[in-house]
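Here the structure is laid out as structure tokens; the discussion comes afterwards.
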Amino acid sequence: MAIKKPKIKMTRGLRVAIRIILAFVVIFALILIAAERLNIASVTDINDNLRAFFTGLNPGDGYPYKINSGSVEDITVLNGDLFVLTNQETMTLDSTAKEIKTTAHTYSTPKVASRGSKAVIYNQNGNRFRIENRTDTLFSGETAEDEKIITAAMGAKGNVALATFSKDSASKLIVYGSNYKKSIFTWVCSQDSITSVDLSDNGSYVAVSVVGAREGEIYSKVYVFDFDYKEPRIEQEYEGTAILAVHFGKNDNVVAIGNDLISFIKSAKNIENIDYESSTLSNFAFSEDGFTALVLSEHGSTNNEKLVCYSPSFNDTFTAKYESAVKSITIYQGRLSVLLDDKVYVYRTNGNKVHEYEVDNTAISAFNLGNRTYLYKIGEIIRCKK
């Protein structure tokens, strides 16, 4: 005897709901296709957004999200979602704490650098790296001749820069195009060690900082290269200073963070250095749109710290002072999150405070994404609420 399958009654309300969903999907797809044709988004960005959209139709259980803090290597933001790097995997969490993607790795010392919709995950002091977005692994590769990776940077155009130790020199810079299979620029540094790299938003330039020693004294140099030329457009030396990081601001200007100064490089002949004077660098952060934030411990005291925010054109936008240590600082899409021992402050980059939350001493870092503020604590990630 055949078993009759139950029929789903197609009510008027169900028909309307299906039509609305289908119309939304079609409109969403058309917007993404138009964005790709206008060079606003790539095909991988469109696929990433579509996968994230359909995955999000079935939401997660919400925050708090339990996590083993002993395994967490880093947490950053990727295309509006939290991107978690552990000692075993990468994981993307959406606004409902749903795991959009979880991908295992076997890197002994995993590190991550992100920009826009993509991230490069690399094995520091190893030779492997891979490119990911929120929903997929786009490329997995290795450096040539087993060269060990020092640091890396992801570009807004999808290109990636790797700094490596070299068998024939002190260090080497390699920039790959957006297909990641062929290098588009290589620079060999014969004597000095690369400490930081960054790629310009237009995809045409790379900034790199190096540190060396001469007659027992430390020095640093910052170079800016155009991929069409072998010689640097800019070469600036800093005697007695260790440059820790470089970052592109507005109009391909470069900011360099040193242990005792911040340097604003607008051109080879327009460089401004600001000394920290009696203060000590405690922390710093960059945003993808060119803002820079410094935390300085005045007279070396963590109970007397000063936050200074600079615009992409290197103007001082605001300063704030705190009587306790700044545990973390992050900037994303015009919002700056400052974590203290007992509070989280969220500012606009002009200094206007938009949120303030009470926290306890288990908090590790804070992130603001639009109207959402997340707090990474020992054992969990929570969404801050009043």
Side-chain angles (χ1 to χ4, degrees), residues 74-77 82 114 196 198 209 241-250 253-265 272-377 384 386:
D74 199 358
I75 299 179
T76 187
V77 179
L82 293 178
S114 64
S196 176
D198 195 39
S209 62
T241 294
I243 297 296
L244 308 173
V246 289
H247 187 72
F248 277 97
K250 189 177 181 180
N253 298 332
V254 173
V255 57
I257 304 292
N259 66 311
D260 58 0
L261 59 81
I262 183 170
S263 181
F264 300 117
I265 305 171
E272 180 185 6
N273 298 329
I274 300 177
D275 194 282
Y276 303 149
E277 298 178 342
S278 60
S279 297
T280 303
L281 180 67
S282 174
N283 208 335
F284 63 90
F286 301 119
S287 73
E288 295 183 358
D289 51 357
F291 283 88
T292 302
L294 291 182
V295 179
L296 301 173
S297 298
E298 297 188 294
H299 306 288
S301 172
T302 56
N303 293 322
N304 189 10
E305 296 209 315
K306 179 174 69 173
L307 166 70
V308 186
C309 184
Y310 296 97
S311 72
S313 54
F314 305 150
N315 296 314
D316 182 341
T317 62
F318 82 97
T319 300
K321 292 189 176 183
Y322 309 102
E323 295 180 353
S324 65
V326 175
K327 298 174 70 174
S328 85
I329 181 171
T330 57
I331 319 175
Y332 186 72
Q333 292 186 344
R335 299 288 180 92
L336 192 152
S337 304
V338 181
L339 173 64
L340 307 179
D341 286 333
D342 58 351
K343 290 184 184 297
V344 172
Y345 294 111
V346 180
Y347 303 92
R348 291 188 177 91
T349 47
N350 63 5
N352 291 337
K353 186 170 66 175
V354 292
H355 297 298
E356 179 181 334
Y357 303 98
E358 301 286 336
V359 300
D360 59 36
N361 61 7
T362 64
I364 299 171
S365 55
F367 307 86
N368 185 265
L369 312 181
N371 62 352
R372 296 169 278 135
T373 302
Y374 297 100
L375 190 67
Y376 167 45
K377 304 174 62 177
C384 294
K386 288 292 186 181

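- Here NE2 of His355 is found 14.5 Å from OH of Tyr345. Values are rounded to the nearest 0.5 Å.
- A heavy-atom distance below 4.5 Å is not found between the side chains of Leu339 and Ser337.
- Side-chain contact between Val308 and Asp316 is present, with at least one heavy-atom pair separated by less than 4.5 Å.
- Contact annotation: the side chain of Ile243 never approaches that of Asn259 to less than 4.5 Å [non-hydrogen atoms, C-beta and beyond].
- For the pair Leu336 and Cys309, the minimum side-chain heavy-atom distance is below 4.5 Å.
- Between the OG atom in Ser287 and the OH atom in Tyr332 there is a gap of 10.5 Å [rounded to 0.5 Å].
- What you find for Ala285 and Ile329 is that their closest heavy atoms are CB-O, 3.6 Å.
- By the 4.0 Å N-to-carboxylate-O rule, Lys321 lies too far from Glu305 to be salt-bridged with it.
- The ring of Phe286 has its center closer than 6.0 angstrom to the ring center of Phe284.
- Counting only heavy atoms from C-beta outward, the side chains of Val354 and Arg335 approach each other to under 4.5 Å.
- If you check the side chains of Asp341 and Ser324, you find no donor sitting under 3.5 Å from an acceptor.
- Ring centers of Phe318 and Tyr347: under 6.0 Å apart, within the cut-off.
- Between the side chains of Asn368 and Thr373, at least one donor N or O sits under 3.5 Å from an acceptor N or O.
- Side-chain rings of Tyr310 and Phe264 approach one another, their centers coming within less than 6.0 Å.
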Give the intermediate values and the outcome of side chain to side chain contact (heavy atoms under 4.5 Å, CB included) for residues Tyr374 and Ile75. CA-CA 11 Å; Tyr374 297 100; Ile75 299 179; over 6 Å; no

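- In this structure the side chain of Tyr322 reaches within 4.5 angstrom of the side chain of Val338, judged on heavy atoms.
- No salt bridge links Asp289 with Lys250; every basic N to acidic carboxylate O contact stays at or beyond 4.0 Å.
- Here the straight-line distance linking atom CD of Gln333 with atom CG of Leu369 works out to 8.0 Å at 0.5 Å rounding.
- In plain terms, the two heavy atoms of Ser282 and Ser297 that are nearest each other are CB-OG, 3.5 Å.
- The local environment of CD in Glu323 is sparse, with at most 12 non-hydrogen atoms from other residues, nucleotides or ligands closer than 6.0 Å.
- No side-chain heavy atom of Val246 sits less than 4.5 Å from a side-chain heavy atom of Val255.
- We find the NZ-CG distance between Lys327 and Asn283 to be 12.5 Å, quoted to the nearest 0.5 Å.
- Note: Asp360 CG to Leu375 CG = 8.0 Å, rounded to the nearest 0.5 Å.
- Note that CZ of Phe314 is 4.5 Å distant from CG of Asn253, once rounded to the nearest 0.5 Å.
- In summary, the side chains of Asn303 and Ser301 do not present any donor paired with an acceptor at a separation below 3.5 Å, with no hydrogens or angles considered.
- The closest donor-acceptor contact from the side chain of Asn350 to the backbone of Asn352 lies under 3.5 Å.
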Thr241 and Asn273: CA distance, side-chain angles, deciding distance, side chain to side chain contact (heavy atoms under 4.5 Å, CB included) verdict: CA-CA 12 Å; Thr241 294; Asn273 298 329; over 6 Å; no

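- Of the possible polar contacts, none joining the Lys343 side chain to the Val359 backbone as a donor-acceptor pair under 3.5 Å is found.
- Between Leu244 and Leu281 there is a side-chain heavy-atom pair separated by less than 4.5 Å.
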